[in-house]
Amino acid sequence: TPLYSSAASDVYKRQLIGLNAWRQWGKLRQDSVARTLFSSYDILVIGETNCAASNAESQTLDGYSHHYTVRHGRTGGGVSAYVRHGLHRYVTRVHPTQPAGTQPAHEDAPECVWLRVSRQCLVTGRDMLLCAAYLPPVQTKARSELQMDQLWEQLTNTALPSDDVLLLGDLNAHTGRECDIPNHAALEQLGDAVPQGLAAHLSTDAYSGIPLQRANSSPVTATAKGLRLVELICRGSGLVIANGRTPGDMQGACTYPTSRSGNTRHQPSQLDLLLLSPSLMRRLTDFRVLNDTPGCESMSDHYPVLSLIHI
């Protein structure tokens, strides 16, 4: 069977879309073009909603259940995950545990909504742990590594051994073309260091059929934050980056084009990422950056990212 097969029944194809709303979500929810675009998806992940605790409950979409987190202490940020009615009864919110001795969340801490999709509605026979994430940009190497460490702690304290894992959002991490798939020697060296909840995804056969190389059209090389993501979330936890690996995105399209933001200090970047367990990667039938879809050009300074998975 080809890695990216399009022959699977549409009944089991779940469509996910992610967008950094750049603090315009309140306006976009009222926009007819945006509502039409979003209405065809099973799960929507929206970053930088700019919602406050006082108004987050009202940020609803017709036909969807709403799960959200807001930023405390300062403006901006926030993440919302919308799940289509019908599917929503199989979805539960999960709150990561905070191990003893864990550093308290700082102002740049990961902003995440964790959802568990029950195996009862999936053909995989396994639950899927979904993380809708926004990681604010940080200015220092130490803070960026701490931020990624906290995301890794949330992941390892939430994932169960039988879970498939999907993480989608604006991670503000430049990964360049760093290899996110560990070789056999690296897998053996990890040994007992592999988190219990993710151990099932790390084996010498787990990555069979997944291209070793991935494209990235951004001229920006990997940063400390991106390298930490590859080290912990990918090679250390068994997730692979979908960007630049599928027929719909063989060029590794940028998701943040500076021509739209007007910020000439930044270069076009691949910041909005989809990370998957290898078992889900093999079920990914389409992944693309919607950089030429009518109506998307006015939604944000980021492009929406579309995923179609046979689950």
Side-chain angles (χ1 to χ4, degrees), residues 18-28 44-56 59 67-81 95-96 98 102-114 130-155 157-158 167-176 218 220-234 239 241 243 254-258 260-263 265-275 299-305:
L19 172 68
N20 181 315
W22 198 39
R23 306 187 181 189
Q24 299 187 85
W25 184 231
K27 185 175 84 171
L28 287 176
L44 286 68
V45 171
I46 309 295
E48 276 203 279
T49 57
N50 202 34
C51 293
S54 59
N55 70 350
Q59 305 298 304
H67 306 269
Y68 63 89
T69 185
V70 299
R71 180 178 294 175
H72 298 281
R74 61 191 181 106
T75 59
V79 174
S80 285
H95 296 279
Q98 195 83 351
T102 300
Q103 297 188 53
H106 54 84
E107 62 180 10
D108 299 322
E111 300 172 12
C112 301
V113 173
W114 293 89
L130 184 148
C131 176
Y134 173 66
L135 272 60
V138 289
Q139 304 302 318
T140 68
K141 180 175 182 288
R143 293 298 283 271
S144 65
E145 291 186 345
L146 173 60
Q147 185 185 67
M148 202 57 68
D149 289 350
Q150 291 188 329
L151 177 63
W152 180 79
E153 287 173 354
Q154 289 188 29
L155 173 61
N157 291 324
T158 307
L167 190 154
L168 174 63
D170 177 8
L171 305 186
N172 275 301
H174 299 278
T175 60
S218 171
V220 183
T221 57
T223 58
K225 184 175 177 180
L227 292 172
R228 196 69 161 182
L229 182 148
V230 169
E231 174 192 355
L232 286 181
I233 310 300
C234 297
L239 305 188
I241 299 172
N243 301 60
C254 291
T255 65
Y256 174 72
T258 54
R260 301 180 72 195
S261 69
N263 191 335
R265 294 181 298 120
H266 296 160
Q267 294 181 295
S269 303
Q270 188 187 85
L271 299 177
D272 305 83
L273 303 176
L274 172 66
L275 285 76
M299 289 185 183
S300 170
D301 61 343
H302 290 243
Y303 290 126
V305 173

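This one's a predicted model, so the numbers in the text were calculated from it and none came from an experiment.
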With side chains defined as the heavy atoms from C-beta onward, is the minimum distance between [X] and [Y] less than 4.5 Å?
{"X": "Leu239", "Y": "Leu155", "result": "yes"}
{"X": "Cys234", "Y": "Leu275", "result": "yes"}
{"X": "Pro268", "Y": "Ser218", "result": "no"}

* Who are the side-chain contact (heavy atoms from CB on, under 4.5 Å) partners of Cys131, not counting sequence neighbours? ->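 Only Cys112, Trp114, Ala133, Leu167 meet the side-chain contact (heavy atoms from CB on, under 4.5 Å) criterion with Cys131.
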Rounded to the nearest 0.5 Å, how far does [atom2] of [Y] lie from [atom1] of [X]?
{"X": "Asp108", "Y": "Arg143", "atom1": "CG", "atom2": "CZ", "answer": "4.5 Å"}
{"X": "Asp170", "Y": "Tyr134", "atom1": "CG", "atom2": "OH", "answer": "5.5 Å"}
{"X": "Trp152", "Y": "Glu231", "atom1": "CH2", "atom2": "CD", "answer": "10.0 Å"}

* Could you check Ile241 against Leu274 for side chain to side chain contact (heavy atoms under 4.5 Å, CB included), going step by step and ending with a plain yes or no? => CA-CA 6 Å; Ile241 299 172; Leu274 172 66; over 6 Å; no
I'd like to check the side chain to side chain donor-acceptor pair (under 3.5 Å) partners of [X]; sequence neighbours left out, ordered by chain and number.
{"X": "Asn243", "answer": "none"}
{"X": "Glu145", "answer": "Lys141"}
{"X": "Thr69", "answer": "none"}

Can you give me the closest heavy-atom contact between [X] and [Y], atom names plus distance?
{"X": "Ala132", "Y": "Val79", "result": "O-CG1, 3.6 Å"}
{"X": "Pro257", "Y": "Tyr303", "result": "CG-CE1, 3.3 Å"}
{"X": "Gly78", "Y": "Glu111", "result": "N-OE1, 2.6 Å"}

* To do: Output yes when a side-chain donor or acceptor of Ser269 lies under 3.5 Å from a complementary backbone atom of Leu271, and no otherwise.
  => no
* Output yes when a side-chain donor or acceptor of Thr49 lies under 3.5 Å from a complementary backbone atom of Gly47, and no otherwise. => no
Atom pairs and distances, donor-acceptor, side-chain atoms in residues 221-230, under 3.5 Å, two or more places apart:
{"residue": "Thr223", "atom": "OG1", "partner": "Gly226", "partner atom": "N", "Å": "3.3"}
{"residue": "Lys225", "atom": "NZ", "partner": "Pro136", "partner atom": "O", "Å": "3.2"}
{"residue": "Lys225", "atom": "NZ", "partner": "Gln147", "partner atom": "OE1", "Å": "2.5"}
{"residue": "Lys225", "atom": "NZ", "partner": "Leu171", "partner atom": "O", "Å": "3.1"}
{"residue": "Lys225", "atom": "NZ", "partner": "Asn172", "partner atom": "O", "Å": "3.3"}
{"residue": "Arg228", "atom": "NE", "partner": "Asp149", "partner atom": "OD1", "Å": "2.9"}
{"residue": "Arg228", "atom": "NH2", "partner": "Asp149", "partner atom": "OD1", "Å": "3.1"}
{"residue": "Arg228", "atom": "NH2", "partner": "Asp149", "partner atom": "OD2", "Å": "3.2"}

* To do: Assess whether side chain to side chain contact (heavy atoms under 4.5 Å, CB included) is satisfied between Gln59 and Tyr68, documenting all intermediate values.
  => CA-CA 9 Å; Gln59 305 298 304; Tyr68 63 89; over 6 Å; no
